Enquirer: 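Provided herewith is a single structure, encoded as structure tokens, for subsequent inquiry.
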Amino acid sequence: MRKLCLFFLPLVFFPLFLIPLSLNALELVSLEINEEIIPGPEPITLTVTGTLSNGIKQQIREDLVWRTSDSSIANVSRRGTLTFTGKEGQVTIFVNKGAVSGKKTINVKAWPKSLSIESTLVYSENPYRLLVKGKFSDGTTRYYGPEDKITWFSTNPWVAWVNNEGIVTFTGEEGYVSIKAVSGAFSDSVNTTVTADKETKLRPKGIKIKEENIKYSSLAQQLTLVAIMHDGTEEVLKPESANWHSSNRDVANISGEGVLTFTGKPGFATIKVSFGGYHHERLLQVGRFLKKIKINQSLNYTPAWDNSPFQLSVTADYNDGSQLVQTTNLKWTSSDAKIAEITEDGMITFTGEAGTVEITVTGSGDGDLIIEDKVTVTVPPREKSNPRQLFINYNPISEEGFLTPQVYCIYENGEIREVTDQVEWSTLTPETASIYEGTIYFSPNPGQIKIVASFQGLTDTLTGYINGLNWGWGSGKYAQKTYQLRIKEHYVPFSFRPLQLTGLAIKGGGSVVDVSSQIRWYSSQPLVAKVEKGVLTFTGRVGKAIITAQGFGFRDSLTVEVRPEDLQPRVEHVEIEGQLVKGVNQLKAVAYFNDGSSKDVTAEAVWNTSNKNVAVVTETGQVMFLKGLAPITISAHYGDKGAEIERV
């Protein structure tokens, strides 16, 4: 008997950071100086982070080469110690490791080397500014400016208050006060004593912003600062004597003189003010609101829109800078519902009546402000044609258990229009067929079917017999036996081209089989319409003909009719040629007729854009994008036929 011996070898793990880069085939791809460099008299030790080709970052210490773009401003040692000379100017610090480099550019400002307050602190009823002078690292002697960042302190704000800009305001109280200025390691102070021979004022107990209800405004607002006295009275203070601050400058800014400006962006901001040792805060809120809306659709009227609702939208600009294509939270109105009806949500329907209608959309802006846009549409008068005949395209035969038929209307001028969405359906045999949202559903029960479609006083009726979805014979010889023969087409309008009719056999198992080539076809009037092997050809003469299909012991028929107006060429479809790219795009519209002819209708077509705020289209089919390439749909209609070209 053989024994199976297993040997276990110890696995040794090495930390990845101990494996040299070369063993892992990794490369250094970039270097970055870590420190935020603030120029000053003290040396700064710089460190570097490197990014590897696998995306991992790690500190790099070896083989670094340092240099500066201007040694008169800054120098860096071999070990990365950075020192500044004190001279002002722009300097770039470079670091290299082999062919990989990194850099950081600094605008160097001279730093102070001394500080003294030149002004004498004396009592005054009017605020005044203390001036500070000093020597700087570039060898100059000058007054401190706002960029030099002095911090001011008052030892007794009850006597005298100093704001961030060095403006001193005496309260009128007596006592000793010292005002101190600090910049880095340097400071100086001035002091005075306000004696009782000065007229003392009633001591305040607090401060506040006088304006109670501060609302968003596109205009700057001057805030009023008041001192609240112990007797309940209020005294207006000079706003430039106080310290003002905004907690969120993305929402609101406040100047040193108390002037408030809103950016227009939504959010919260706290306005803080300090004076004489007192502090006050006011929370401001700016909501999100509409600033502008523009209707997107160009709305150049075409008869194809009649009684076919479609959705309008706007491009909405908000105060936070966002721009949205929007249909909701707006209100749409029509100046004349006889010409165009529109729901409050922007679903528009043209009735076909001639005239001029104004479509208006409104939305809520800031406060009670109403934002609106409007467009005027002119519907030209045209010759009306009354409906002549309604027909459903297919008979109710479906092995899937349902049928969604299309319905067409033939008008007196010979036009054929689809009216599926506008018909009303009813079933006279609910035990075998039901209708929901234009779809016919067959029940498992065999029996007769009778379904009616109605449109503008016209009707068409589907009739037939359904064996049932789960026909009882199921299998065996009965499953392949034919129990019914039907012509799939319920009605066929006149056509210049031959049309293929379809003969269907319903089998005992419930299946439907195409038997067009296995049955015999007849026409009662071959001079009007001929049929051979299911191919129907109209001769061009007016009249009626009954087309019959016969086979397997069954027959079915349909009636065709040709009137003089049917023989006039009609547009079958329109195609747009061209493409949507940068620059000006010249599109071409071609109409194809039912007699096989075609015509360039670019100049005659009605052109529309789905969003004129993205791209405009001229009357001759020239398209131009306004802000660069973006998704758009351009349409062209000739008569009641149209085509679209999209850029997604």
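Predicted model only: the values in this text are computed from it and were never measured. Position 1 is the first residue of the sequence; numbering continues from there.
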Enquirer: Look at the rings of Y408 and F391 and say which category their plane angle falls in: under 30° parallel, 30 to 60° tilted, over 60° perpendicular.
Expert: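 Y408 vs F391 ring planes: parallel.
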Enquirer: Does any N or O in the side chain of N163 come within less than 3.5 Å of the main-chain N or O of N243, such that one atom is a donor and the other an acceptor?
Expert: no
Enquirer: Quick one: does D460's side chain have a donor or acceptor within less than 3.5 Å of a partner on I392's backbone?
Expert: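 Yes; judged by distance alone, with no hydrogens or angles, the pair exists.
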Enquirer: Does some side-chain heavy atom of V361 sit less than 4.5 Å from a side-chain heavy atom of I293?
Expert: yes
Enquirer: When rounded to the nearest 0.5 angstrom, what is the spacing between CG in L312 and CD in Q297?
Expert: 5.0 Å
Enquirer: Within the distance-only criterion (no hydrogens, no angle test), does the side chain of W244 pair as donor or acceptor with the backbone N or O of P239 below 3.5 angstrom?
Expert: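 At least one qualifying donor-acceptor pair exists.
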Enquirer: Taking D317 for its side chain and K292 for its backbone only, find out whether a donor-acceptor pair lies under 3.5 Å.
Expert: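 Not confirmed, D317 side chain does not pair with K292 backbone.
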Enquirer: Do the side chains of E565 and R388 get close enough for a salt bridge, i.e. N-O under 4.0 angstrom?
Expert: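 Answer for the salt bridge query: yes.
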Enquirer: Does a side-chain N-to-carboxylate-O contact under 4.0 Å join R417 and D306?
Expert: no
Enquirer: Indicate yes or no for a side-chain donor-acceptor contact from R282 to the backbone of E212 under 3.5 Å, with no hydrogens or angles considered.
Expert: yes
Enquirer: Look only at the side chain of T427 and the backbone of A433, and say whether a donor-acceptor pair between them is shorter than 3.5 Å.
Expert: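 Yes, the answer is positive, given that a donor and an acceptor are paired below the 3.5 Å cut-off.
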Enquirer: Please report the shortest heavy-atom distance between T620 and W607, naming the atom on each side.
Expert: C-NE1, 4.0 Å
Enquirer: Salt bridge (charged side-chain N to carboxylate O under 4.0 Å, His left out), that's the test. Do E604 and K599 meet it? Break it down for me.
Expert: CA-CA 11 Å; E604 302 171 65; K599 178 185 177 184; 3.3 Å; yes
Enquirer: Centre-to-centre under 6.0 Å for H573 and Y592, is that the case here?
Expert: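 Ring centres of Y592 and H573 closer than 6.0 Å.
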Enquirer: Considering residues, nucleotides and ligands other than M347, do more than 12 of their heavy atoms fall under 6.0 Å from its CE?
Expert: yes
Enquirer: Using a 3.5 Å distance criterion without hydrogens, assess whether the side chain of S334 forms a donor-acceptor pair with backbone atoms of I359.
Expert: no
Enquirer: Do N445 and T432 meet the criterion of a side-chain donor-acceptor pair at a distance under 3.5 Å?
Expert: no
Enquirer: Could you tell me whether the side chains of Y216 and Q221 share a donor-acceptor contact shorter than 3.5 Å?
Expert: no
Enquirer: What pair of heavy atoms forms the shortest contact from L390 to V407, and how long is it?
Expert: CD1-CG1, 3.6 Å
Enquirer: What orientation do F310 and W305 show, parallel under 30°, tilted 30 to 60°, or perpendicular over 60°?
Expert: tilted
Enquirer: Less than 4.0 angstrom from a charged side-chain N to a carboxylate O is my criterion; do R497 and E572 meet it?
Expert: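 Here R497 pairs with E572 in a salt bridge, since their nearest N and O are under 4.0 Å apart.
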Enquirer: Once you round to the nearest 0.5 Å, how far does CG of D148 lie from NZ of K109?
Expert: 9.5 Å
Enquirer: Just how far is it from atom CG of L223 to atom CG of L225, taken to the nearest 0.5 Å?
Expert: 9.0 Å
Enquirer: State whether the side chain of N585 and the backbone N or O of G583 hold a donor-acceptor pair below 3.5 Å, judged by distance alone.
Expert: yes
Enquirer: So, do E644 and I634 sit near enough that their side-chain heavy atoms are less than 4.5 Å apart?
Expert: no
Enquirer: Below 4.5 Å, heavy atoms only, C-beta onward: do Y394 and T502 meet side chain to side chain?
Expert: no
Enquirer: Is it the case that over 12 heavy atoms from other parts of the model lie below 6.0 angstrom from the CD atom of Q90?
Expert: yes
Enquirer: What is the minimum heavy-atom distance between N608 and V617, and which atoms define it?
Expert: C-CG1, 3.7 Å
Enquirer: For the residue pair I397 and L403, what are the closest heavy atoms and their distance?
Expert: N-CD2, 4.4 Å
Enquirer: Kindly give the heavy-atom pair with the smallest separation between L580 and E646, and that separation in Å.
Expert: CD1-C, 4.1 Å
Enquirer: Let me confirm one number: the CD-NZ distance from E344 to K331, rounded to the nearest 0.5 Å.
Expert: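 Taking CD in E344 and NZ in K331, the distance rounds to 5.0 Å.
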Enquirer: From I632 CD1 over to N611 CG, what is the distance, rounded to the nearest 0.5 angstrom?
Expert: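 Those atoms lie 5.0 Å apart.
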Enquirer: Give the minimum heavy-atom separation between N613 and I295, together with the two atoms involved.
Expert: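 Between these two residues, the closest heavy atoms are ND2-O, 3.6 Å.
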Enquirer: Is the shortest side-chain N to carboxylate O distance from E35 to K104 below 4.0 Å?
Expert: no
Enquirer: Using a strict cut-off of less than 4.0 Å between a Lys/Arg side-chain nitrogen and an Asp/Glu carboxylate oxygen, indicate whether D366 and R288 qualify as a salt bridge.
Expert: no
Enquirer: Does atom CG of D421 have more than 12 heavy-atom neighbours, drawn from other residues, nucleotides or ligands, at distances under 6.0 Å?
Expert: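 No, because the 6.0 Å sphere around CG of D421 holds 12 heavy atoms or fewer from other groups.
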Enquirer: Do I451 and I449 have side chains that get closer than 4.5 Å, going by heavy atoms?
Expert: yes
Enquirer: Taking NZ, NE, NH1 and NH2 as the nitrogens, is one of them in K238 or E257 under 4.0 Å from a carboxylate oxygen of the other?
Expert: no
Enquirer: Do Y441 and Y436 make a side-chain contact, defined as non-hydrogen atoms from C-beta onward lying under 4.5 Å apart?
Expert: yes
Enquirer: List, one per line, each side-chain donor-acceptor pair under 3.5 Å for residues 260-272, sequence neighbours excluded.
Expert:
unit_1, atom_1, unit_2, atom_2, d
T263, OG1, D250, O, 2.5
T263, OG1, V251, O, 3.3
T263, OG1, K265, N, 3.2

Enquirer: With the side chain counted from C-beta on, respond yes when R382 and P303 share a heavy-atom pair under 4.5 Å apart, and no when they do not.
Expert: yes
Enquirer: Stepwise, does the side chain to side chain contact (heavy atoms under 4.5 Å, CB included) test hold for I228 with K208?
Expert: CA-CA 7 Å; I228 305 171; K208 72 173 185 177; 3.9 Å; yes
Enquirer: Taking N319 for the side chain and F289 for the main chain, is one N or O donor matched with an acceptor at less than 3.5 Å?
Expert: yes
Enquirer: Tell me the ring-ring contact (aromatic ring centres under 6.0 Å, His included) pairs involving residues 360-390, sequence neighbours left out?
Expert: none
Enquirer: State which residues pass side chain to side chain contact (heavy atoms under 4.5 Å, CB included) with T360; sequence neighbours excluded, sorted by chain then number.
Expert: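 Result, side chain to side chain contact (heavy atoms under 4.5 Å, CB included) vs T360: T333, E358, T362, E372, K374.
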Enquirer: Just checking Y301 against F350, ring centres under 6.0 Å apart?
Expert: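 When the ring centroids of Y301 and F350 are compared, they turn out to be within the sub-6.0 Å range.
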